Amino acid sequence: MLQNFIDAYSPDNLRYLFGGLGITILVSIVSIIGSFIIGSILGVIRYVKIKYLSAIVGLIIDIIRNLPLILILFFTYFGLPNLGVKPEIIPAAILAMTIFESTMLAEIVRSGIQAVDPGQMEGARANGLTYWQGLWYIVLPQAMVKMIPAIVSQFISLVKDTSLATIILLPEMLYRSQIIYGQNTNYIIPMFVAIALMYFIVCYCLSVLARYLEKRQA
C-alpha cells in the first residue's frame, strides 16, 4: 500500500495534478468575482422592488436556483453551440458557475439588506441622503458584514462544485486524477487522498479569511 502512494506521487503525477489545481483555482476565482458582482446587483434589484424589473429578476433567480448545476453546465457547453455560441471548456465552466452562484448570492444579498435595521435608512434620509445614497453608504456596508459567513460558505461550495465540470471534460483536479489512476488502478486511493487534501486546504483558507474579515469588520 505504501509503495502505491510513493509511486502515485511521482514528480510527473504531482506536476500534472497541481496543474489541475491551478485550473480549479482559476475557474473558482473568476466565477467568485463574477457571481459576487452580478449577485449583488440582482439582490439589490430584488430588494428595492423596481416595478416589473424586480418581479422578472425574482422569477429568473427562482428558476435558476431550482435547477441542478450540472444541467447548467450541459447547457453552456452543449446547448449554446446550437444557438451559435461555441465557448471553450474553461469559459463554459466559468459561465455556468457564475450564472448559478449569482442567483444564490442574490438571495443572500437581499436577505442581508433586509436584516439591517430599517431605522438606519430612516436616519440616512433624515440626514439629507437620497435613498440610493443611504443604501450604498449606510445600509450595504452593514449588510455585507452580516453576509460574510453566508457568502464565504457559498464560495466554498462553488470551489467544491468545480468538480462537477468534469462532465464537460474540464481538466481540473478530479479529471486529472481520473487520468492518473486510469493508468494504474492502484493509484485510486492515493489520488483521492491527494484531491481531498487539496480541496481541504483551499476551502480552509477561505474559512480562515472569512473569520479574519468578520473580526476586522466587527
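Treat the numbers as computed from the prediction; the structure is a model and nothing was measured.
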A.B. asks: I'd like to check the ring pair (Phe, Tyr, Trp, His ring centres under 6.0 Å) partners of Phe78; sequence neighbours left out, ordered by chain and number.
C.D. replies: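 If we apply the ring pair (Phe, Tyr, Trp, His ring centres under 6.0 Å) test to Phe78, skipping adjacent residues, the hits are Phe74.
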A.B. asks: Test your reading of the model: is there a side-chain donor-acceptor pair from Thr162 to the backbone of Val159, 3.5 Å cut-off?
C.D. replies: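 Yes, the answer is positive, given that a donor and an acceptor are paired below the 3.5 Å cut-off.
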A.B. asks: Check the hydrophobic clustering (I, L, V, M, F, W, Y; side-chain heavy atoms under 4.5 Å; chains of links allowed) and say if Ile156 and Val208 are grouped together.
C.D. replies: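 No, separate clusters.
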A.B. asks: If you look at every heavy atom in Ala96 and Leu73, which pair is closest and at what distance?
C.D. replies: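 Closest heavy-atom pair between Ala96 and Leu73: CB-CD2, 3.5 Å.
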A.B. asks: Is any side-chain heavy atom of Leu95 closer than 4.5 Å to a side-chain heavy atom of Pro87?
C.D. replies: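 They are not in contact (no side-chain heavy atoms under 4.5 Å apart), so the answer is no.
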A.B. asks: Pick out which of Ile201, Val202, Ile195 makes a side chain to side chain contact (heavy atoms under 4.5 Å, CB included) with Tyr199.
C.D. replies: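 Checked Ile201, Val202, Ile195 against Tyr199; only one passes side chain to side chain contact (heavy atoms under 4.5 Å, CB included): Ile195.
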A.B. asks: From Ile50 CD1 over to Ile56 CD1, what is the distance, rounded to the nearest 0.5 angstrom?
C.D. replies: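 That separation rounds to 11.0 Å.
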A.B. asks: Quick check for you: to the nearest 0.5 Å, what is the distance between Ile94 atom CD1 and Ile32 atom CD1?
C.D. replies: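 Here the interatomic distance stands at 11.5 Å.
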A.B. asks: In chain order, what residues pass the ring pair (Phe, Tyr, Trp, His ring centres under 6.0 Å) check against Phe18, with sequence neighbours excluded?
C.D. replies: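 None.
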A.B. asks: Less than 4.5 Å apart, any side-chain heavy atom of Tyr187 and any of Asn184?
C.D. replies: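 Result yes, sub-4.5 Å side-chain heavy-atom pair found.
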A.B. asks: When the ring centroid of Phe192 is compared with that of Tyr181, is the distance short of 6.0 Å?
C.D. replies: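 Under 6.0 Å, so yes.
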A.B. asks: Could you check whether any side-chain heavy atom of Phe155 comes within less than 4.5 Å of a side-chain heavy atom of Glu101, counting everything from C-beta outward?
C.D. replies: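 No, every pair of side-chain atoms sits at 4.5 Å or beyond.
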A.B. asks: Verify side-chain contact (heavy atoms from CB on, under 4.5 Å) between Tyr9 and Val193, making sure each step is shown before the conclusion.
C.D. replies: CA-CA 11 Å; Tyr9 297 153; Val193 171; 3.8 Å; yes
A.B. asks: Is Val48 close to Val44 at the side-chain level, that is, under 4.5 Å between some pair of heavy atoms?
C.D. replies: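 Yes, their side chains come closer than 4.5 Å.
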A.B. asks: What is the minimum heavy-atom distance between Leu206 and Val152, and which atoms define it?
C.D. replies: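 Looking at all heavy atoms of both residues, the shortest contact is O-CG1, 3.5 Å.
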A.B. asks: Main chain of Cys203, side chain of Ser207: is a donor-acceptor contact present, judged purely on distance under 3.5 Å?
C.D. replies: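 Yes, Ser207 side chain to Cys203 backbone: donor-acceptor pair under 3.5 Å.
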A.B. asks: Between Leu71 and Leu164, is there a shared hydrophobic cluster once you connect ILVMFWY residues whose side-chain heavy atoms come closer than 4.5 Å?
C.D. replies: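 Per the 4.5 Å side-chain linkage, Leu71 and Leu164 are not co-clustered.
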A.B. asks: Listing request: all salt bridge (charged side-chain N to carboxylate O under 4.0 Å, His left out) pairs with a residue in residues 7-33, at least two apart in sequence or in separate chains.
C.D. replies: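 Found Asp12-Arg15.
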A.B. asks: Within the distance-only criterion (no hydrogens, no angle test), does the side chain of Gln154 pair as donor or acceptor with the backbone N or O of Ile151 below 3.5 angstrom?
C.D. replies: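 A pair under 3.5 Å: no.
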A.B. asks: Using a 4.5 Å cut-off on heavy atoms from C-beta on, say whether the side chain of Arg211 contacts that of Ile148.
C.D. replies: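 They are not in side-chain contact.
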A.B. asks: Sequence neighbours excluded, which residues qualify as ring pair (Phe, Tyr, Trp, His ring centres under 6.0 Å) partners of Tyr204?
C.D. replies: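 Per chain and number, Tyr204 pairs via ring pair (Phe, Tyr, Trp, His ring centres under 6.0 Å) with Phe200.
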A.B. asks: Partners of Gln178 by side chain to side chain donor-acceptor pair (under 3.5 Å), sequence neighbours excluded?
C.D. replies: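 Scan of Gln178 (side chain to side chain donor-acceptor pair (under 3.5 Å), adjacent residues dropped) gives none.
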A.B. asks: Does any pair with a residue in residues 113-152 pass ring pair (Phe, Tyr, Trp, His ring centres under 6.0 Å), and if so which ones, sequence neighbours excluded?
C.D. replies: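 Counting only pairs at least two positions apart or across chains, no ring pair (Phe, Tyr, Trp, His ring centres under 6.0 Å) contact touches residues 113-152.
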A.B. asks: Thr24 side chain to Glu172 main-chain N or O, any donor-acceptor pair under 3.5 Å?
C.D. replies: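 The answer is no, because no donor-acceptor pair under 3.5 Å joins these two groups.
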A.B. asks: Indicate the atoms forming the closest heavy-atom contact of Phe5 with Pro190, along with that distance.
C.D. replies: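 Shortest heavy-atom contact: CE2-CA, 3.7 Å.
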A.B. asks: Look at the side-chain heavy atoms of Ile, Leu, Val, Met, Phe, Trp and Tyr, link any pair under 4.5 Å apart, and say whether Ile90 and Leu169 land in one connected group.
C.D. replies: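 Result: yes, single cluster for both.
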A.B. asks: In Å, rounded to the nearest 0.5 Å, how long is the span from CG of Leu140 to CD of Gln120?
C.D. replies: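 Going from CG on Leu140 over to CD on Gln120, the span is 12.5 Å.
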A.B. asks: Would you list the pairs meeting side chain to side chain donor-acceptor pair (under 3.5 Å) in which at least one residue belongs to residues 74-98, sequence neighbours left out?
C.D. replies: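 Residue pairs passing side chain to side chain donor-acceptor pair (under 3.5 Å), neighbours aside: none found.
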A.B. asks: Crowded around Ile179 CD1? As in, over 12 foreign heavy atoms under 6.0 Å?
C.D. replies: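 More than 12 within 6.0 Å, yes.
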A.B. asks: Going by the rule salt bridge (Lys or Arg N to Asp or Glu O under 4.0 Å), which residues pair with Asp117 if we only count those two or more places apart in sequence or in a different chain?
C.D. replies: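 Here no residue qualifies.
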A.B. asks: Less than 4.5 Å apart, side chain to side chain, heavy atoms only: is that true for Ile138 and Met121?
C.D. replies: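 Of all side-chain heavy-atom pairs linking Met121 with Ile138, none is under 4.5 Å.
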A.B. asks: Evaluate the side-chain contact (heavy atoms from CB on, under 4.5 Å) criterion for residues Val30 and Met97: first the C-alpha distance (whole Å), next the side-chain angles of each, then the deciding distance (0.1 Å), finally the verdict.
C.D. replies: CA-CA 9 Å; Val30 177; Met97 296 285 179; over 6 Å; no
A.B. asks: To the nearest 0.5 Å, what is the distance between OG on Ser31 and CG on Leu158?
C.D. replies: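 Interatomic distance, Ser31 OG to Leu158 CG, rounded to 0.5 Å: 5.5 Å.
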A.B. asks: If you round to the nearest 0.5 Å, how far is CD1 of Ile180 from OH of Tyr16?
C.D. replies: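 CD1 of Ile180 is found 7.0 Å from OH of Tyr16.
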A.B. asks: Answer with yes or no whether the hydrophobic clustering places Leu209 together with Leu21; edges join I, L, V, M, F, W, Y residues whose side-chain heavy atoms lie under 4.5 Å apart.
C.D. replies: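 Linked, Leu209 and Leu21 end up in one cluster.
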A.B. asks: Test your reading of the model: is there a side-chain donor-acceptor pair from Ser153 to the backbone of Ala150, 3.5 Å cut-off?
C.D. replies: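 Not confirmed, Ser153 side chain does not pair with Ala150 backbone.
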A.B. asks: Do the side chains of Glu107 and Arg110 get close enough for a salt bridge, i.e. N-O under 4.0 angstrom?
C.D. replies: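 Result for this pair is yes, salt bridge flagged.
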A.B. asks: Any side-chain heavy atom of Asn13 sitting closer than 4.5 Å to one from Ser10?
C.D. replies: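 They are in side-chain contact.
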A.B. asks: Just to verify, what does Tyr175 make a ring pair (Phe, Tyr, Trp, His ring centres under 6.0 Å) with, not counting sequence neighbours?
C.D. replies: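 Tyr175 satisfies ring pair (Phe, Tyr, Trp, His ring centres under 6.0 Å) with no residue once adjacent residues are dropped.
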A.B. asks: About how many Å separate OG of Ser54 and CZ of Arg46, when rounded to the nearest 0.5 Å?
C.D. replies: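 Rounded to the nearest 0.5 Å, the CZ-OG separation comes to 8.0 Å.
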A.B. asks: Can you run down the ring pair (Phe, Tyr, Trp, His ring centres under 6.0 Å) pairs that involve residues 23-59, sequence neighbours left out, and say none if there aren't any?
C.D. replies: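 Sorted result for residues 23-59: empty, none.
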A.B. asks: Check the pair Ser40, Met144 against side-chain contact (heavy atoms from CB on, under 4.5 Å), reporting the backbone distance first and the verdict last.
C.D. replies: CA-CA 10 Å; Ser40 296; Met144 284 297 173; 4.2 Å; yes
A.B. asks: Could I get the full list of side chain to side chain donor-acceptor pair (under 3.5 Å) partners for Arg176, not counting sequence neighbours?
C.D. replies: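 Arg176 satisfies side chain to side chain donor-acceptor pair (under 3.5 Å) with no other residue.
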A.B. asks: Counting only N and O atoms by type, is there a donor-acceptor contact under 3.5 Å from the side chain of Thr166 to the main-chain atoms of Ser163?
C.D. replies: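 Looks like yes, one N/O pair under 3.5 Å.
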A.B. asks: Would you kindly confirm whether Ile99 and Leu83 end up in one hydrophobic cluster when ILVMFWY residues are joined by side chain heavy atoms under 4.5 Å apart?
C.D. replies: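 Yes, it is one cluster - the side chains of Ile99 and Leu83 are joined through contacts under 4.5 Å.
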A.B. asks: Mind listing the closest non-hydrogen atom pair of Ala106 and Ile61 along with its distance?
C.D. replies: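 Closest approach of Ala106 to Ile61, heavy atoms only: CB-CD1, 3.6 Å.
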A.B. asks: Any idea which heavy atoms bring Pro171 and Ile23 closest together, and the distance?
C.D. replies: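 Scanning both residues, the minimum pair turns out to be O-CD1, 3.3 Å.
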A.B. asks: If we only count heavy atoms from C-beta on, is the Ile113 to Leu135 side-chain gap below 4.5 Å?
C.D. replies: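 Yes, their side chains come closer than 4.5 Å.
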A.B. asks: Kindly write out the residues that satisfy side chain to side chain donor-acceptor pair (under 3.5 Å) with Asn127, not counting sequence neighbours, or none if the list is empty.
C.D. replies: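 If we apply the side chain to side chain donor-acceptor pair (under 3.5 Å) test to Asn127, skipping adjacent residues, there are no hits.
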A.B. asks: For a quick test of reading the model, state the closest non-hydrogen atom pair linking Met147 to Ile108 and the distance between them.
C.D. replies: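 What the structure gives for the nearest pair is SD-O, 3.3 Å.
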